[in-house]
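One-based numbering, in listed order, for ligands and for the atoms of each.
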Amino acid sequence: MTALNVAKFGGTSVADATAMGLSADVVVANPDTRLVVLSASAGVTNLLVAIANGQLDDAALAEHLGKLHQIQHNILTALGNPAEVVAIINSQLDEVATLAAQARQHSDAELADRLIAYGEMMSSRLFTELLNQRGHRAVWADVRTLLRTDSRFGKANVDLDTTRAQCQREIGGLMNDAIVVTQGFIGADSEGRTTTLGRGGSDYSAALLGEALDVATIEIWTDVPGIYTMDPRLVSRAKPIPEITFAEAAEMATFGAKVLHPSTLQPAVRQNIPVFVGSSRDPAAGGTWIRAETSSSPLFRAVALRRNQVLLTLHSPNMVHAYGFLAEVFGILARHRISVDLITTSEVSVALTLDHTGSQTNGDSLLSEAVLAELGALCKVKVETGLSLVALIGNRMSEVNGVGGQVFAAIDSHNIRMICYGASTHNLCFLVNEAEAVNIVNCLHHGLIG
Ligand code: ADP
Ligand code: ASP
Ligand code: MG
């Protein structure tokens with residue numbers, strides 16, 4: 001077999017029949033594309049998450065179910081209402097309604113994942129039908145037979161060995177003579193219960209399945225022609241980046257560039273698989289190649305922004321020359337499965353931000369009353385919100401003279417709450433007030449990138 005390619009299409013790329021048609025063009029244009037990984041149609045996961053919360057009143061629930069019905073049936077109509085697929089989608093919509101009623105009685109993370117998974121289940125059925133109608137041999141596969149996770153509903157961890165064995169066994173041969181269409185975002189635990197990988201997780205699914213099937217390339221098709229120097233919605237001067245290293249792109253994804261789920265590049269790095277990001281609406285516009293090495297390695301490559309940051313300041317006079325304080329703090333956070341993102345210390349206080357990356361599907365707040373109580377028994381705790389994290393991404397940033405001066409000059413009139421610099425040569429990041437964030441990323445981009 002020749003080099004395999006896995007192609008992932010995001011929500012806008014499967015939003016309706018027209019978008020699906022353009023995505024199908026992209027699939028068949030590359031004969032190496034033997035596996036297609038799909039998100040739910042745009043807006044569907046948000047509707048399902050709201051339903052799964054179980055808080056909607058009768059009218060709101062009916063409205064949500066109506067919208068879901070409309071999105072699926074618009075696509076079915078465009079496909080000519082093929083009886084077999086209409087029956088499948090209708091029964092899936094019925095199952096959503098049944099689970100919605102259960103969620104109103106009692107909503108938990110397991111039920112939520114089962115419900116939320118229907119978005120991808122439906123889009124993948126419709127896309128398979130579209131490819132078949134165009135005369136291509138496409139076969140639908142249930143990703144729950146491929147991607148094995150633990151039972152951490154809402155943000156499951158993947159079992160790589162089982163996933164590899166299942167992928168090779170279930171679809172390794174099938175891909176020789178068919179295009180296999182499956183779902184992103186979803187997996188199943190060892191008991192076959194449906195799990196999800198966290199919001200935006202389909203990118204990560206594509207990379208995981210690609211790794212398990214030893215593909216040569218991974219394509220992420222979305223609504224922008226590549227990774228830009230900053231989110232083009234926020235900085236109009238931002239430009240697409242033709243090629244970027246794994247290290248830089250991973251920093252961008254971690255620090256808020258929503259175009260890639262933060263974990264996407266882990267499988268690609270493990271197996272050294274190049275990743276392409278492009279627009280399914282405009283494939284001719286090109287895109288970004290992410291690889292281990294690139295020909296250019298600029299000092300400043302891009303800017304990223306992550307909103308809704310929580311800053312935790314822990315203050316204790318006992319900290320002076322003491323040992324073990326940080327160990328206790330981290331012990332508490334670890335027991336509550338909270339991962340620390342940035343940290344700075346002074347003589348009697350520690351400031352840290354919490355890692356929101358790949359946020360849970362159920363959107364639970366990271367800081368529970370229980371964590372705050374445990375920390376409060378150890379020291380004085382201050383929680384601040386309304387903050388954004390701005391990251392400047394590049395190369396050798398802590399090795400080149402004058403970087404700090406250039407950065408501060410670019411944003412000189414703004415207030416900075418916290419800075420992290422030096423842990424990675426690829427990034428310098430700081431916390432700012434939410435209200436100033438967009439202005440600051442524009443200043444930084446203008447001053448340092450273009
Ligand atoms: P999909 O549904 O295809 O997964 P997403 O909405 O998750 O698409 O990601 C694409 C969006 O990411 C773009 O529309 C853009 O607004 C945003 N984005 C954020 N940062 C960047 C960046 N640096 N380059 C390109 N897009 C970015
Ligand atoms: N449909 C899921 C979400 O909206 C996963 C994805 O699109 O990547 O989060
Ligand atoms: Mg996405």
**Prompt:** Passes side-chain contact (heavy atoms from CB on, under 4.5 Å), N30 versus T33? Steps please.
**Reply:** CA-CA 6 Å; N30 182 355; T33 304; 3.5 Å; yes

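- By the criterion of a heavy-atom distance under 4.0 Å, both the backbone and the side chain of D231 are placed next to ligand 1.
- Scanning the protein heavy atoms around atom 7 (O) of ligand 2, the nearest turns out to be S39 OG, 3.0 Å.
- In this structure W289 satisfies the ring pair (Phe, Tyr, Trp, His ring centres under 6.0 Å) test together with F276, sequence neighbours excluded.
- Inclusion of T222 in the set of residues having an N or O under 3.5 Å from an N or O of ligand 1 is warranted.
- Ranking protein heavy atoms by distance to atom 24 (N) of ligand 1, first place goes to Y228 N, 2.8 Å.
- The heavy-atom pair separating A268 from V275 by the smallest distance is CB-CG2, 3.7 Å.
- For the pair G200 and ligand 2, a heavy-atom separation below 4.0 Å is found.
- Remark: ligand 1 atoms within the under-4.0 Å shell around heavy atoms of D223 are 10 (C), 11 (C), 13 (C), 14 (O).
- Checking side-chain atoms of S279 against main-chain N and O of D223 turns up no donor-acceptor pair under 3.5 Å.
- Taking all heavy atoms of K258, R199, E120, H261 into account, the minimum distance to atom 1 (N) of ligand 2 is reached by E120.
- Considering each of R233, K239, M252, the one bringing a non-hydrogen atom nearest atom 16 (O) of ligand 1 is R233.
- Considering CE of M175 and CG of D32, their distance stands at 11.5 Å, rounded to 0.5 Å.
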**Request:** Step by step, work out the salt bridge (charged side-chain N to carboxylate O under 4.0 Å, His left out) result for D150 and R152.
**Result:** CA-CA 6 Å; D150 64 7; R152 195 172 170 212; over 6 Å; no

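- Note on ligand 2: G184 sits outside its first shell, no heavy atom being nearer than 4.0 Å.
- Of the N or O atoms in T45, one or more lie within a sub-3.5 Å distance of an N or O in ligand 2.
- Annotation: the span from M397 atom CE to T425 atom OG1 amounts to 8.5 Å, rounded to 0.5 Å.
- Not one N or O of T229 is nearer than 3.5 Å to an N or O of ligand 1, by distance alone.
- T229 and A238 make their closest contact through OG1-CA, 3.3 Å (heavy atoms, listed as atom of the first residue, atom of the second, distance).
- Counting heavy atoms closer than 4.0 Å to ligand 1, residue M230 contributes backbone atoms (N, CA, C, O) but none from C-beta onward.
- Of the protein's non-hydrogen atoms, the one nearest atom 6 (O) of ligand 1 is K258 NZ, 2.9 Å.
- For H261, no heavy-atom contact with ligand 1 is shorter than 4.0 Å.
- Looking only at protein heavy atoms, the nearest one to atom 2 (O) of ligand 1 is G11 N, 3.1 Å.
- Residues passing the ring pair (Phe, Tyr, Trp, His ring centres under 6.0 Å) test with Y204, sequence neighbours excluded: H261.
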**Message:** Could you walk me through whether N46 and R199 satisfy the side-chain hydrogen bond (donor to acceptor under 3.5 Å, both in side chains) test, starting with their C-alpha distance in whole Å, then the side-chain angles of each, then the deciding distance to 0.1 Å, before giving a yes or no?
**Reply:** CA-CA 10 Å; N46 287 348; R199 291 306 303 266; 2.9 Å; yes

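- Residue contact check for ligand 1: G226 places a non-hydrogen atom closer than 4.0 Å to it.
- Here the closest non-hydrogen pair linking L115 and A100 is CD1-N, 4.0 Å.
- The protein heavy-atom contact nearest to atom 6 (C) of ligand 2 is S202 OG, 3.3 Å.
- For atom 26 (N) of ligand 1, the nearest non-hydrogen atom from the set V14, L234, V259 belongs to V259.
- Between I227 and ligand 1, not a single N/O pair is under 3.5 Å apart.
- Once rounded to the nearest 0.5 Å, the distance linking OG of S202 with CD of E120 reads 4.5 Å.
- Using a non-hydrogen distance threshold of 4.0 Å, K8 registers as a contact of ligand 1.
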